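Everything below concerns the one structure shown next.
Just so it is clear, the values below take in all heavy atoms, side chains as well, and ignore hydrogens, waters and symmetry mates. These numbers were taken from a predicted model, which means no experiment stands behind them. Both counts, for ligands and for their atoms, begin at 1 and track the order of listing. If you read the sequence from its start, that first residue is 1, and numbering goes on from there.
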Amino acid sequence: MWSGRFDEPVDERVKRYTASIPFDWRLARFDIQASLAHAEMLAQAGILSERDLADIRRGLAEIAAEIDNGSFPWKLDDEDVHFNLERALTRRIGEAGKRLHTARSRNDQVATDLRLWLRDAIDRIQALIRQVRLRLIDQAEAHAETVMPGFTHLQVAQPVTFGHHLMAWQEMLARDAERLADCRRRVNRLPLGAAALAGTSFPIDRAYVARALGFEGLCENSLDAVSDRDFAIEFSACASLVMMHLSRMAEEIILWMTPRFGFIELPDRFCTGSSIMPQKKNPDVPELIRGKTGRVYGHLLALLTLMKGQPLAYNKDNQEDKEPLFDTVDTLVDSLAIFAELVAGIRVRAEAMRRAAAEGHATATDLADYLVRKGLPFREAHEVVARAVRAAEARGCDLARLELAQLQAFSPLIEADVYAVLTLEGSLAARDHVGGTAPRQVRAAIARARAQLADAVRPAAG
Ligand code: ARG
């Protein structure tokens, strides 16, 4: 493609080192889409004849069909996806194929392809996040009243419902969806028209191409258009947050599955056994989600580092943006898809959750609040309850199991009505405000989340 300027062919090792076709073939569908929009614009502007346009359309359609059925002959000699497609087109349709590259460069071409690819990936990821959220909401609804211990410092703190806990996860993913939607707006801008770096001397119509490709706007400065990879970095940061959330959820699933917790069971299809220890049922899937989070963080750092020393405008360094980005998307898509199924498969052992909540003096704060309502300052109430907890510990029972006379020894304010607040149900029902764990509030949160998810699908994606 550029041999006119060179005295000798490129060294074989250099060819292998610089080629990107082993991975960037994945951009082919979008490269074709962008080429079609570009060619139509060139024809509109009178830069390309209608006949050439017709040939280009036919040639690209044939190539797209070959790619789809797996028979397209990708060539390392043709370096990257752009050269591979252009040469194949020229082999097919001759002259017109050579005219397609008028008023563009691979620099604005690859930036365009990558944005189209990523936009499509974001849409797929959003659909999967939605799936996970729906599964979480379904489980939360089934367990809006199921008591479990809530933890701080991984110590039993206060009772919550399992539904409330799952809705916390749902909330994390709602923010992820919001972040990705915002990121998509900056992905969805058109670099094409920047050509190599300075723009082109042809009378192009960038707005036409943007419209044809569904972009919301243009990359306004040609130098920035070909060199900006912020959109990929921003996406990787969003992806890292999604994986961080999935990893936290996975970690809790792993804990809950250990026989010591015994809060949940996963269906066998998500677990593996041990080749030596017959009793084992290992949570490989959540462990791998937790593990794969590392590679996604790694890709974010790789992309940031890739960009930090680059002068304007395009540099070959940028070719290194693809593999991290592709792997980030692949990892995220697989992890979300499997996590959605995993969530649906969770079987709750409600009696084990309740037992754990009833054992850790989880209603101690409720007793303190009770004393405050009877007029004691909170700090004093805290002190009184702490002493009562110690007494319960000494007797080897939960605070809620102390007898009235025993409790009254710590404060004369305590009366028989105390047991209404010391029970798990009493504690839950008392937290009856927006964001609280009262079953009524959990159901309200579920209704809000369902309404939000219904809204999210109504307007067509821009
Ligand atoms: N394969 C290249 C990449 O991925 C395409 C752009 C090449 N441009 C250039 N001037 N060498 O970045």
For His82, atoms of ligand 1 separated by under 4.0 Å from a heavy atom: 5 (C)

Glu79 and ligand 1 - part of the residue with a heavy-atom distance under 4.0 Å: neither

Which residue and heavy atom of the protein sit nearest atom 6 (C) of ligand 1, plus the separation: Tyr314 OH, 3.4 Å

Contact (N/O only, under 3.5 Å) between Lys322 and ligand 1: yes

Donor-acceptor pair, side chain of Gln139 and main chain of Ile346, under 3.5 angstrom: yes

Identity and distance of the protein heavy atom lying nearest atom 8 (N) of ligand 1: Asn107 OD1, 2.9 Å

CZ/Arg448: more than 12 non-hydrogen atoms of other groups inside 6.0 Å: yes

For Gln319, the ligand 1 atoms whose distance to one of its heavy atoms is below 4.0 Å: 1 (N), 2 (C), 3 (C), 4 (O), 12 (O)

Contact check: Asp80 vs ligand 1, nitrogen or oxygen atoms, below 3.5 angstrom: yes

Heavy atom of the protein closest to atom 11 (N) of ligand 1 (residue, atom name, distance): Arg106 NH2, 3.4 Å

Option passing side-chain contact (heavy atoms from CB on, under 4.5 Å) with Ile21 (candidates Val81, Asp77, Asp78): Val81

Passing candidate, salt bridge (charged side-chain N to carboxylate O under 4.0 Å, His left out) with Glu141, options Arg450, Arg135, Arg443: Arg450

Flag for Arg99-Ser49: side-chain donor and acceptor within less than 3.5 Å: no

Ionic contact status for Asp334 with Lys292, cut-off 4.0 Å: no

Close N or O approach (Ser20, ligand 1; < 3.5 Å): yes

Test item: side-chain donor near acceptor, Glu252 and His165, under 3.5 Å: yes

